[in-house]
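Since the structure comes first, as structure tokens, the remarks are kept for the end.
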Number of protein chains: 2
Amino acid sequence: MVNTQTKPAPTRRNRQYEKRLSAILKAAAKTIAREGYEGASVRRVAARAKIGLSGIYYYFHNKEELLFALQEHTFSTLVETLQERLASAETPEEKLRAVIDNHFEYFVNNLDELKVCVHEIESLSGHYYKQVLKIRQGYFALVKKVIREVRGRRTGIDPNLAALFLFGSLNWVYMWYDPRKNTEMKKLSKQLRRIYFNGMTAP
Amino acid sequence: MVNTQTKPAPTRRNRQYEKRLSAILKAAAKTIAREGYEGASVRRVAARAKIGLSGIYYYFHNKEELLFALQEHTFSTLVETLQERLASAETPEEKLRAVIDNHFEYFVNNLDELKVCVHEIESLSGHYYKQVLKIRQGYFALVKKVIREVRGRRTGIDPNLAALFLFGSLNWVYMWYDPRKNTEMKKLSKQLRRIYFNGMTAP
DNA sequence: TAATAATTAGAACGAACGTTCGATTTATTT
DNA sequence: AAATAAATCGAACGTTCGTTCTAATTATTA
């Protein structure tokens with residue numbers, strides 16, 4: 001069972017536990033990214049994590065909790081790093097850059113995880129869904145605030161829609177990005193910033 | 001079995017056949033949109049289409065062919081209507097508008113189908129995948145050409161990336177659009193055009 | 001070292017899956 | 001009306017699924 005509350009002294013045993021746990025999460029990310037949540041079987045996740053089938057159920061109550069842990073961890077990290085970046089940005093343009101760079105950089109370093117987060121949101125239900133939704137809404141609020149600053153006093157730009165469109169551009173990347181053709185992240189970021197900054201600040 | 005070659009006289013029987021067929025496609029679109037391709041069972045598709053389970057296999061060889069027929073029909077129509085719109089557009093701005101309006105209008109009238117097309121591309125394999133990929137590449141080429149015209153002789157804008165970003169914004173809509181809160185399509189289109197047109201034509 | 005707790009392995013469960021097949025019903029043709 | 005073809009149905013197949021349970025193994029504590 002995942003324990004997100006207590007943090008006992010990091011004994012060797014605990015370190016082993018957490019290693020296994022993140023190995024399972026990594027295996028789940030790769031498997032679900034390739035086969036989809038419904039298509040990915042717990043058996044294949046276990047095989048990739050080099051653990052028995054029932055071993056998975058020692059760390060997670062069920063398959064859905066596995067997906068939840070993956071999304072919750074990935075999204076939380078994404079929000080955290082964005083907040084750090086935003087704290088050291090001053091102008092609206094710098095803040096927009098923080099948003100875009102943060103998303104792209106995290107993306108290239110966690111291809112499978114982010115693909116799962118983007119593609120399998122609706123595979124969660126009930127409490128799991130609500131909790132992830134909350135984190136995503138927090139992320140969205142951060143971005144919307146930045147966009148409002150970029151827009152300034154200009155009329156004709158709806159920050160809500162602009163943020164949604166920007167999210168689309170960012171989240172769509174996993175559909176076409178090929179890590180083997182190591183496209184320069186700097187170029188990606190520059191292009192997207194150019195379009196959205198100019199697009200929202202033009203008279 | 002789907003027959004896309006011969007087109008015999010539209011007897012009453014044939015009309016019944018095609019009615020059933022599109023009823024199945026509609027049921028499949030709704031079911032797959034809600035449950036995902038792997039999650040949607042042929043049994044539930046059949047139930048929604050008011051036909052027996054084995055009845056599906058009279059019209060389609062297997063489940064994947066059902067998904068293929070859905071995507072092939074939807075995407076082909078999308079490309080066709082875009083070509084018509086582009087033919088009657090003159091300036092680059094009008095053409096960009098054609099792209100965006102076409103996508104949005106088709107989207108609101110075919111919510112389930114477009115969601116499946118966007119979300120289940122990778123659920124196809126082999127020949128099915130290649131064939132749909134071809135259509136999508138044709139669509140992409142059309143849009144890229146328009147973007148090249150909008151850009152004109154300006155440097156610093158990569159039409160390829162710009163097209164991909166635009167596709168992201170367009171395809172992401174299914175994640176947040178709520179038909180019950182009938183958001184005005186005109187506003188959506190206007191906002192997106194404003195961002196991308198200004199974004200690509202600014203000095 | 002003995003007792004205790006944490007972790008893993010293996011077998012088994014019922015349920016649901018995609019697909020097939022022969023029989024039956026419905027529509028068309030002779 | 002009889003013969004033929006098209007369309008539908010219901011039952012069944014083998015497979016895979018998520019999950020559970022008990023026993024064995026490993027690590028920690030006393």
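Labels below follow one simple rule: chain letters A, B, ... track the order of the sequence lines, proteins then strands, and each chain is numbered from 1. Everything quoted here is computed from the prediction, not taken from an experiment.
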Ring pair (Phe, Tyr, Trp, His ring centres under 6.0 Å) involving [X] - partner list, sequence neighbours excluded:
{"X": "A:Tyr174", "value": "A:His119"}
{"X": "A:Phe140", "value": "A:Phe167"}
{"X": "A:Tyr106", "value": "none"}
{"X": "B:Phe75", "value": "none"}

Which atom pairs link the protein and nucleotides 16-19 of chain D when you take only N or O atoms and keep those under 3.5 Å?
from	atom 1	to	atom 2	distance (Å)
D:dC17	OP1	A:Arg44	NH1	2.8
D:dC17	OP1	A:Arg44	NH2	3.4
D:dG18	OP1	A:Ala40	O	3.3
D:dG18	OP1	A:Lys63	NZ	2.8
D:dG18	OP2	A:Val42	N	3.0
D:dG18	N7	A:Arg43	NH1	2.7
D:dG18	O6	A:Arg43	NH2	2.9
D:dT19	OP2	A:Tyr57	OH	2.9
D:dT19	OP2	A:Lys63	N	2.8

Please give, in whole Å, the distance from [N] [atom2] to [X] [atom1]?
{"X": "B:Tyr17", "N": "C:dT28", "atom1": "OH", "atom2": "C1'", "answer": "17 Å"}
{"X": "B:Phe60", "N": "C:dT20", "atom1": "CZ", "atom2": "P", "answer": "15 Å"}
{"X": "B:Glu65", "N": "C:dG18", "atom1": "CD", "atom2": "P", "answer": "15 Å"}
{"X": "B:Tyr58", "N": "C:dT20", "atom1": "OH", "atom2": "C1'", "answer": "16 Å"}
{"X": "A:Ile56", "N": "D:dT20", "atom1": "CD1", "atom2": "P", "answer": "14 Å"}
{"X": "A:Leu21", "N": "C:dT8", "atom1": "CG", "atom2": "P", "answer": "11 Å"}
{"X": "B:Gln16", "N": "D:dA7", "atom1": "CD", "atom2": "P", "answer": "10 Å"}

ask   = Would you say the side chains of A:Ser123 and A:Glu38 form a donor-acceptor pair under 3.5 Å?
value =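 Their side chains do not contain a donor-acceptor pair, so the 3.5 Å distance test is not met.
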ask   = Which part of the nucleic acid does A:Gly55 contact within heavy-atom distance under 4.0 Å: base, sugar-phosphate only, or nothing?
value =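 Result for A:Gly55 = nothing.
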query = Would you say D:dT8 has OP1 or OP2 under 4.0 Å from some side-chain N or O of B:Tyr59?
reply =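 Answer yes for this pair, as a side-chain N or O of B:Tyr59 is under 4.0 Å from OP1 or OP2.
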query = Which of residues 23-32 of chain A have a heavy atom under 4.0 Å from DNA chain C?
reply =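 Contacts with DNA chain C under 4.0 Å: none.
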task = Measure the acute angle between the ring planes of A:Tyr139 and A:His103, then classify it against the limits of 30° and 60° as parallel, tilted or perpendicular.
result =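 Plane angle under 30°, so parallel.
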By side chain to side chain contact (heavy atoms under 4.5 Å, CB included), which residues pair with [X], not counting sequence neighbours?
{"X": "A:Pro159", "result": "A:Lys144, A:Ile147, A:Arg148, A:Arg151"}
{"X": "A:Ala23", "result": "none"}
{"X": "B:Met185", "result": "B:Phe104, B:Val108, B:Tyr177, B:Leu188"}
{"X": "B:Arg85", "result": "B:Ala98, B:Asp101, B:Asn102, B:Glu105"}

request  = For DNA chain C, list all stems, counting runs of three or more consecutive pairs where every pair is Watson-Crick or G-U wobble with both distances under 3.5 Å.
outcome  =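 DNA chain C stems, ordered by first number: C:4-27 with D:4-27.
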Pair listing, side chain to side chain donor-acceptor pair (under 3.5 Å) test, anchored in residues 20-33 of chain B, at least two apart =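 Matches after skipping sequence neighbours: B:Lys26-B:Glu113, B:Thr31-B:Arg48.
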